[in-house]
Amino acid sequence: MKELQNMYENIRKKTAFQPEAALVLGSGLGNFAETIRIEKTLDYREIDGFPVSTVPGHKGRFIFGYVDDLPVVIMQGRVHYYEGYSMREVTLPIRLMGLMGARVLFLTNASGGVNMGYQAGDFMMIQDHISCMIPSPLIGPNDETLGPRFPDMSDPYDSRLREIIRRTAEAEQIPLKEGVYLQLTGPAYETPAEIRMARAFGADAVGMSTVCEAIAANHMGMKVCGISCITNMASGILPQPLSHSEVQETADRVAPLFERLVRKSLTAIYHEYLHG
Ligand code: HPA
């Protein structure tokens, strides 16, 4: 993939950093990076052809640094399909982080709670996902150097990584739900009927990111895990309209706990998975 190779070479001119894991920060988690040992930051704008986010609250840069001993590349801000980029473009950054050396991809996001047992502020580890009315990022000619034409998706969120995160949450006494995340295009929030559909499909949370990223990462053999912050109950469940400010308020409120869960999980992944 030409554009991918060009961007990779572009980045390599700016840093030789070799991440072992990649972390994508969703809404409200944007400050996580302020607590790690930073080696280098790179604004997306400095990378020729890189898709740049237009959403308020989403910064746009790669941060290279260490969470304890783990070398990570962090995406502070992601781009979404609804911004007008193709799925191929949306997932380019994931592929880049894979090319840089990340073997594990840790995805985070804000989402709406579909499961009636959830409430705003809950954390949900992603057990599996449903790609719903969005195109696959793998459509188009397949780059065999990245992965196969028909990749397996039978353990999209690696079961060993999930076990490590589950144990970390327990040890930290941070309540953690587990469920299925469903991605729609957005940018409009869903209708109550669409949320009933999502529930009938077996979804526990809905959002506008993550699934396409997990597909691109699985394609190239990265091991994926993810945690969703339930920032609001989905449409039609509570007697109030949904708003981006509610999403941000909840994310801000639980951010310190979320950051601790992600940081401790990454440390455990370093010791028990990457070097276990
Ligand atoms: N729907 C879709 N995406 C979201 C939501 C929601 O309710 N909350 C946060 N991201």
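Note that ligands are numbered from 1 as they come in the structure, with each ligand's atoms numbered from 1 the same way. Sequential numbering from 1 along the given sequence is applied to the chain's residues.
Shown here are the side-chain hydrogen bond (donor to acceptor under 3.5 Å, both in side chains) partners of Ser136, two or more places apart in sequence or in another chain: there are none. With sequence neighbours excluded, no residue forms a side-chain hydrogen bond (donor to acceptor under 3.5 Å, both in side chains) with Arg253.
You'll find the side chain of Ile165 reaches within 4.5 Å of the side chain of Cys225, heavy atoms only. By the 4.5 Å heavy-atom criterion applied to side chains, Ile139 and Met87 are not counted as neighbours.
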Pair up each side-chain donor or acceptor in residues 215-224 with any protein partner under 3.5 Å, not counting sequence neighbours, and list the distances.
from, atom 1, to, atom 2, distance (Å)
Asn218, ND2, Pro156, O, 3.1
Asn218, ND2, Ala214, O, 2.8
His219, NE2, Asn142, OD1, 2.9
His219, NE2, Gly147, O, 3.4
His219, NE2, Pro148, O, 3.1

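Closer than 4.0 angstrom to ligand 1 by heavy atom are Ala110, Ser111, Gly112, Tyr189, Glu190, Val206, Gly207, Met208, Thr231, Asn232, Leu242, Val247, sorted by chain and number.
Between His80 and Tyr85, the ring centre distance reaches or exceeds 6.0 Å.
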